[in-house]
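Chain identifiers are assigned alphabetically (A, B, ...) following the order of the sequence lines, protein sequences preceding nucleic acid strands; residue numbering begins at 1 within each chain.
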Amino acid sequence: MQDRLSGEKYDQFMIEAEVKEFWEREKVYEQVRRRKGRKFYFLDGPPYASAKSIHVGTAWNKVIKDAVIRYHRMLGYSVWDKPGYDTHGLPIEVKIEQSLGIKSKKEIQSVGIDKFVEACKGFVKENMEAMSRQFAEIGASLDWENPYVTYENSYIESGWWLIKRAHERGLLYKGYKVLHWCPRCETVLADYEVSEYRELEDPSIYVKLPVRGREREYLLIWTTTPWTIPANVFVMAHPQIEYARVKVGDEVLILARQRLEEVMSEAGVSRYEVLESFPGSRLEGLEYDHPLEELVDVQRELRQYHRVVMAPEGVTAYEGTGLVHAASGHGTVDYEVASRLGMPIVSLVDEVGRMTREAGKYAGMHFREEANRAVEEDLRRKGALFHSSRLVHRYPVCWRCKTPLALRATEQWFIAVTKLRDELIREASSVEWVPEWARTRFMNMLEEVRDWAISRQRFWGIPLPVWVCRKCKKYHVVGSVQELRELGGEVPEDLHRPWIDRVIIRCPYCGGEAERVPDVLDVWFDSGVAFYASLGYPANRQLYEELEPADFIVEGHDQTRGWFFSLLRSGVIGFGKSPYRRVLVHGFALDEQGREMHKSLGNYVEFEELISKVPRDVVRLWLLSSTVWEDLRFSWKGLEQTARDFTVFWNTFVFASTYMSLDAFDPEESSIESVESYLEPVDRWLISRTNSLIAQYHEAMGGLRPHDAVRALRSFLLEDVSRFYVRLIRRRVWEERDTPSKRAAYATLYYALRAWLLLAAPIIPFLSEYIYQRFMRPAERGAALSVHMMLLPQPEKHRVDEKLEREVSLIRELAEEVLAARANAGLRLRRPVSKVIVVPKRRELAEAVSSLKDMLAELVNSKAVELESEAFLEGLRAYAVKPLLGEIGREFKKLTPEVLKLIEARGAEVAQAIAERGYFEAEVNGERVRLERRHLELVAEYPEWLVVRESELAIIAIDKRLSELEEAEGYAREVIRRAQHMRKEARLMIEDRVVLWVSGDKEMVEAVRKMEEFVKNEVRAVKVFYNMPEEGAFAREWEIDDKKVTIGIRRA
RNA sequence: GGGCCCGUAGCUCAGCUUGGUGGAGCGCCCGGCUGAUAACCGGGAGGUCGGGGGUUCAAAUCCCCCCGGGCCCA
């Protein structure tokens, strides 16, 4: 092997630049993609292309995807890796409005829809290019040249196909629905878009509705939206709640019994009398008059509907009066109850938030700002206002413009998803969810699924492919461009509005002219069809049929109700099945304090900044080490620590490369099979650990737990290889001659590092490629061009020795105890000790020590390790006793001083007796005294030359006594260490030989002389002189334990 | 108001599925090493396992309630 790693300073940034250049030059990605294998259809959740800079969370998202993709490629799969972009929708329209300085739909029309839509497209294009660049930067190996883009004609056409499918299945319908409406954006908001609430102040009024045919008797209702009173149709009550007729002054009010006290106290009424109480069911059918009947045109037609109906779903006993005023066009429940009972749907607010003509006196008023006040005033004048105040409550506002929303019945197009509920549940159950709780969350959501309002009264979106005949008023759904052409439509170059709006087709029913309904589709529709639209289906059926279903998707947990759902919905509508097999849910990237990262909060970390400060692999390893489905806290410190791990990764490979090349090691010639009989326990251990790692890694990656894989990889290289194995093989590796033992160590180390390098490739693609090119590829015939074209190793079960792994881990634990004992006794590690005695407390430890004695001895720098029984220590142990005054005083009373004297005088004897038989008897002042364990504290004492430490594993005793020779070795090592330091200072090469001078303190010089062969070998000296260094030699005076020594070296 | 998730050392996080002596890294203190070295190794201090209740011989772990945070809904 040739060393291509050492001698160069480790610079991860430089490495990444070079690797990138290599990938581009050799077209590695293209070659990786071209390889054939079993299909793995990965479907990219398209990020929304509304900004140029990606969020740390978006980067995390793509890094997870990339790790999974690379992993599958290295398993031999042919991975479908087309990325996507979500490009339509209101948020982008808003940005363009802002950049054009306009504020409403009307202004867009005056600018020209064509210009507006072109601006949207241009904006999105720039964003996509910037985002792709950043994704490629962190090494996301997706097909950035050919992403799927939701605004493309082919994609739009694929979208149309699903609307047509829905229509064919009888799921498409036009209906009224009460939905949140933004009067500023002039559009309906989907349920999940109603996400922002503000604390707003509103009126809180109690209104008296006169009961028809009874004098001075009223239904009492409560509302915070006076503007809905003109649209009142009926009143809802709960059949099981108790109601009361209450006399207040000369009037009678009807309200819930349970609400009585609170309502009266709020209204400041202290004197009232309950005339009778009864269940709500008795109120059914009770008619009333509308107090504003003569001011509101539509109310004259609604007279016949004004009555109390039973509607438990709309009434609670914890708020209001228990009687709920229903405005069928302005409340969700109101609408549902009205539909059920065949009541009319009345909506009196127009698209811009003004009261309609039917609202009579209030026509033209803004619903919140003006109508509220006017209605309240009129009610007061009519004597219908029982009480009025103000209240601050959470009120929904538009998520983009913060305008308070109105509930409003509007005409929209729907897909009857509720009809598909059972299918959805069946299909979702068959999906594998990681983690498992994602399934629970998803299922809970499906239980309450609603019909899907797909239409939007906007511009930048997939046009709704519905044409309505001017003559017969029937509508026709167009499923493709070809169909459009067949119906006589002139197909525009771009399928967006406004061009598509101008397409007139022939009505298939009456032959009349049909024009398009001007709506566009909900943007959630777009990404929901990605599973087939990104493959060009149905224009190109083959690709989809080959690839479906998607084998894997992964997005943040917010997408449960988002993309995961919209995909499933589209899958079931279009194909009757789930479009994906496995789902991984990842967390949110939060800031260092655990809050959401937002530009407006000033805690936003720019991706470009991140990547300029921290190498990509470091970012990746750090991101991937976080538990994937939990939220991630951004941390510069965490990244810094991760960067430090990389220096150890690097150093480990440099170490291997340096020595293997020095010894011309050839991994192909010296495989672990070829050195089998020379493998030492530590070698067999590392080989076993390597296979355990491989198994663990596959289990983690296969189970979509990349964090577990990363943690296993990290600890293997840091703990097992670098801090343990390399330390233990140093002596073998420094051996000058070519020994089988050294070769065995190299073979083992190469085997472990090779496996690690391959396993790490999906996680840290840059560094692993770099090291592969310089360490592995030149050493192996038939190694692929790139590490990413290699196959991952599979665990070889016969090489796993669980017993050995357990034993080594016990030995490591024990070694720590010994080191702790040494540290406590001030015995430095460099000085050997003559003997470590182990008295094991567990049988498996005894076995481990007896089979791995040498390993333990090496780890703790001891000349010998001996297993002994407790009896051995007992022989060396002496006990001191400490009387426990409390116990002794309580029992011996007046005799206590005498007893204490006895203990002091015959302490050793007392201790021995109690230790051996549990008691000691003697006569004191003529009385027989019996001392037991409870009277005394026994303190074990050992000879001065023995250091003892007891742990849960064993009792450890270290013999501090050193033989003369060992003492000399200790001193010699002190000299060696300093000579090594000087070699380094003198910039000698590792393989250079030197001449050494040692002079000064007699004991030191004598020690070196005794250990001369050892010293020469360690320092690579050809000769040692015991006098002052010659002129020109590199010399220095040292002080070691108060002894002065002069050391000199010169290259031989 | 509902569903799901999170809360463990000063900081970042394992451990919880399957109850049995609480772990790692960083930081801090002490010591060591110097042939991977702008590294590294060892030792030590540091914890009401968010709070309360329950089940159990035994709870960080299982159950219930509460508090704080996240996501999604109402």
Side-chain angles (χ1 to χ4, degrees), chain A residues 5-6 9-10 191-192 194-195 197 316 318-319 332-333 394 396 435-445 447-448 450 556-562 564-565 585 587-590 592-596 622 625-627 629-642 644-645 647-659 662 707-708 711 714-715 718-719 721-724 726-727 730-731 733-734 815-831 859-861 952 973 976-985 988-992 1018-1020:
Chain A
L5 288 178
S6 70
K9 220 175 86 178
Y10 171 56
D191 288 345
Y192 45 76
V194 184
S195 54
Y197 292 79
T316 89
Y318 307 103
E319 193 181 61
T332 315
V333 178
R394 281 175 84 230
E436 184 56 33
W437 54 255
R439 176 195 305 277
T440 316
R441 199 166 161 172
F442 198 79
M443 290 299 176
N444 287 341
M445 182 203 68
E447 290 296 332
E448 43 195 69
R450 301 234 210 135
H557 48 63
D558 56 328
Q559 297 302 329
T560 308
R561 228 165 243 271
F564 300 152
F565 177 52
V585 174
F588 261 57
L590 308 174
E592 312 215 41
Q593 275 76 47
R595 289 168 316 185
E596 203 184 338
W622 178 73
S625 66
S626 178
T627 305
W629 47 76
E630 278 174 24
D631 290 351
L632 168 90
R633 274 202 191 193
F634 186 82
S635 163
W636 288 110
K637 232 168 102 185
L639 286 161
E640 221 172 275
Q641 285 168 24
T642 306
R644 264 203 285 275
D645 292 342
T647 66
V648 183
F649 296 166
W650 177 257
N651 285 339
T652 306
F653 279 95
V654 168
F655 171 85
S657 178
T658 309
Y659 284 97
L662 219 52
H707 50 282
D708 283 342
R711 288 168 194 163
R714 184 183 170 280
S715 84
L718 263 46
E719 304 294 335
V721 180
S722 171
R723 285 167 200 167
F724 190 72
V726 168
R727 197 149 52 96
R730 274 199 168 126
R731 299 253 154 248
V733 163
W734 291 343
E816 281 189 17
E817 293 290 344
V818 176
L819 290 172
R822 287 187 68 129
N824 287 337
L827 297 169
R828 357 177 95 179
L829 195 56
R830 201 185 317 139
R831 307 275 292 266
L859 283 172
V860 301
N861 194 15
E952 282 155 24
R973 277 178 195 257
I976 289 166
R977 195 201 115 199
R978 285 163 178 84
Q980 300 289 31
H981 189 75
M982 289 170 69
R983 280 185 64 117
K984 191 138 230 180
E985 278 184 325
L988 296 183
M989 294 286 109
I990 289 174
E991 61 270 27
D992 284 343
E1018 291 287 304
V1019 185
R1020 286 187 160 236

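- A gap of 14 Å separates the C1' atoms of B:G46 and B:G23, to the nearest Å.
- The side chain of A:Asn444 lies closest to B:G3 when the candidates are B:A36, B:G3, B:C71.
- Comparing B:U12, B:G70, B:U37 against the side chain of A:Arg633 picks out B:U12 as the nearest.
- Between A:Trp622 atom CH2 and B:C11 atom C1' the separation is 13 Å, expressed in whole Å.
- Residues passing the side-chain contact (heavy atoms from CB on, under 4.5 Å) test with A:Gln641, sequence neighbours excluded: A:Lys637, A:Arg644.
- For the pair A:Met445 CE and B:C5 P, the computed distance is 16 Å after rounding to whole Å.
- Between A:Thr332 and A:Arg450, the shortest heavy-atom contact is CG2-NH1, 4.1 Å.
- Going from atom CD of A:Gln980 over to atom C1' of B:A36 covers 14 Å, rounded to whole Å.
- Set against B:C4, B:C13, B:G70, the side chain of A:Thr440 has B:C4 as its closest nucleotide.
- Taking OG from A:Ser625 and CG from A:Leu632, the interatomic distance works out to 8.5 Å, rounded to the nearest 0.5 Å.
- Annotation: B:G22 and B:U18 have their P atoms spaced 22 Å apart (nearest Å).
- Within 4.0 Å (heavy atoms only), A:Val733 reaches no atom of the nucleic acid at all.
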Between the protein and nucleotides 6-8 of chain B, list every N/O to N/O distance that falls short of 3.5 Å.
none

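- Comparing B:G19 with B:A24, their P atoms sit 24 Å apart, to the nearest whole Å.
- As a whole-Å value, the separation of A:Phe724 CZ from B:G42 P is 11 Å.
- By the side-chain contact (heavy atoms from CB on, under 4.5 Å) test, A:Met445 pairs with A:Phe442, A:Arg561, A:Phe565, sequence neighbours left out.
- Between the C1' atoms of B:G25 and B:G42, the separation comes to 16 Å (whole Å).
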Could you write out each protein N or O paired with an N or O of nucleotides 24-27 of chain B at a distance under 3.5 Å?
from, atom 1, to, atom 2, distance (Å)
B:C26, O4', A:Gln641, NE2, 3.4
B:C26, O2', A:Gln641, NE2, 3.1

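- Ring orientation note: the planes of A:Phe588 and A:His557 are close to parallel, at an angle under 30° on the 30°/60° scale.
- Residue order along RNA chain B, read from the 5' end via each residue's closest nucleotide, puts A:Arg1020 first among A:Glu448 and A:Arg1020.
- Formation of a donor-acceptor pair under 3.5 Å by the A:Arg727 side chain with backbone atoms of A:Ser722 is not found in this model.
- Between the P atom of B:C13 and the CZ atom of A:Arg711 lies a distance of 10 Å, rounded to the nearest Å.
- B:C16 and B:A59: their C1' atoms are spaced 11 Å apart (whole Å).
- Distance check on atom C1': B:C67 versus B:U48 gives 16 Å, rounded to whole Å.
- Taking only side-chain atoms of A:Phe588, from C-beta outward, the nucleotide of B:A39, B:C71, B:C73 with the closest atom is B:C71.
- One atom, CZ of A:Arg727, and another, P of B:G32, lie 17 Å apart when rounded to the nearest Å.
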Stepwise side chain to side chain contact (heavy atoms under 4.5 Å, CB included) test for A:Thr627 and A:Arg711: CA-CA 10 Å; A:Thr627 305; A:Arg711 288 168 194 163; 3.1 Å; yes
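- Applying the 3.5 Å distance criterion, the base of B:C71 shares a donor-acceptor pair with the side chain of A:Arg441.
- For A:Leu662, the side-chain contact (heavy atoms from CB on, under 4.5 Å) partners at least two apart in sequence or on another chain are A:Tyr659, A:Ile990, A:Glu991.
- For B:G19, there is no paired nucleotide, since no Watson-Crick or G-U wobble pair has both relevant distances below 3.5 Å.
- For the residue pair A:Arg439/A:Thr560, the side-chain donor-acceptor check at 3.5 Å is not satisfied.
- Between A:Leu590 atom CG and B:U12 atom P the separation is 12 Å, expressed in whole Å.
- When the side-chain contact (heavy atoms from CB on, under 4.5 Å) test is applied to A:Asp992, the partners found at least two apart in sequence or on another chain are A:Arg983, A:Leu988, A:Met989, A:Arg1051.
- Of all nucleotides present, only B:G70 satisfies the Watson-Crick or G-U wobble test against B:C4, with each distance under 3.5 Å.
- No contact: A:Thr658 has no heavy atom under 4.0 Å from any strand.
- Ranked by how close their nearest RNA chain B nucleotide is to the 5' end, A:His981 and A:Ser635 are led by A:Ser635.
- Put simply, CG on A:Asn651 is 5 Å from C1' on B:A36, counting in whole angstrom units.
- Rounded to a whole angstrom, the distance from the C1' atom of B:U17 to that of B:G51 is 25 Å.
- When the P atom is compared between B:A45 and B:C4, the two are found 42 Å apart, to the nearest whole Å.
- Residue A:Glu640 is out of contact with every strand shown, counting any heavy-atom pair closer than 4.0 Å.
- The side chain of A:Arg730 has B:A36 as its nearest neighbour among B:A36, B:C73, B:G70.
- Residue contacts shown for A:Thr560 are absent, as no nucleic acid heavy atom lies under 4.0 Å away.
- Annotation for A:Val585 and A:Gly556: closest pair CG1-C, 4.2 Å, computed over non-hydrogen atoms.
- For A:Trp650 and A:Phe655, the gap between ring centers reaches or exceeds 6.0 Å.
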